[in-house]
Amino acid sequence: MKALKYFGHQKFQKFLSSLRDVKKEKVRFVDNIYPHRGYLMNYGAFPQTWEDPKFIDPNVGFGGDNDPLDVCDVGNPLLRMGQIVQVKPLGALALVDENEADWKIIVINSKDQNFNEINSLGDFHSKRPGLLQDIVRWFTNYKVPQGKPFNTLAFNSKLQNAEVATKMTLSFYATQTHLFQLLPIFRLPLISAFISPNHRNKNMHDGFNS
């Protein structure tokens, strides 16, 4: 049974609308992977980021998936669709999905009761053991119900730290900024406060869209 329809940012739609995602003229669904129903976390993207398919990621060996940078928010509470929240990067997962680089940035949102205490993947694991391993397993298996092969992970399936997560986010933001400057119809004001004023102390990002 299908869990939910897949929504995503449409980078060539005015104002980057979030619409039901279609691939090869078919509406995309997220399958249930036992024992989970749908996603294990708040799942969304950083607006105004883009994984360029023409850029071969040296860490992964493939070009980007032509989508905004995905975000896995492991914090509580469950967020509403389209909700904007501040988040703090904890780490990153370098997924190879159908021969495309598909980075997942693992974050915790500022509404979580343990937000100030969790600053790394190690901190998160000590508070909620097992969830990070489940997330890795879920992304490895989530397309198998569609008859597709298992996904693979770069870095020998190891999660990367918050420093790498921040570096990749800023890199994909710069890529999207360059794309917009090449397309006159999309020369809209860009986010000027992509990194919040608390970046120096909390390493927190603005603009996560669930």
> Who pairs with D57 by side chain to side chain donor-acceptor pair (under 3.5 Å), at least two apart in sequence or on another chain?
Replying inline: N59, W103
> With sequence neighbours excluded, what pairs up with I56 under the side-chain contact (heavy atoms from CB on, under 4.5 Å) test?
Replying inline: none
> Can you tell me if Y34 and N141 form a side-chain donor-acceptor pair at under 3.5 Å?
Replying inline: no
> Parallel, tilted or perpendicular: which describes the rings of F139 and Y142, with under 30° parallel and over 60° perpendicular?
Replying inline: perpendicular
>> Can you pull out every salt bridge (charged side-chain N to carboxylate O under 4.0 Å, His left out) where at least one residue sits in residues 41-54? Sequence neighbours excluded, please.
In response: none
> With sequence neighbours excluded, what pairs up with S126 under the side-chain contact (heavy atoms from CB on, under 4.5 Å) test?
Replying inline: none
> Looking just at side-chain N and O atoms, do Y43 and D70 make a donor-acceptor pair shorter than 3.5 Å?
Replying inline: yes
>> Under the rule for ring pair (Phe, Tyr, Trp, His ring centres under 6.0 Å), what residues qualify as partners of F62, not counting sequence neighbours?
In response: none
> Taking atom types as modelled, is there a side-chain donor on K111 or N76 under 3.5 Å from an acceptor on the other?
Replying inline: no
> When you check the gap from the basic side-chain N to the acidic O, do R128 and D112 get nearer than 4.0 Å?
Replying inline: yes
> Can you check whether I135 reaches M41 side chain to side chain, under 4.5 Å on heavy atoms?
Replying inline: yes
>> So if I apply the side chain to side chain contact (heavy atoms under 4.5 Å, CB included) rule between F124 and each of I118, I106, N119, N114, which one comes out positive?
In response: I118
> With sequence neighbours left out, what residues match D123 under salt bridge (Lys or Arg N to Asp or Glu O under 4.0 Å)?
Replying inline: none
>> Just verifying a value: how many Å separate T140 OG1 and F150 CZ, rounded to the nearest 0.5 Å?
In response: 8.5 Å
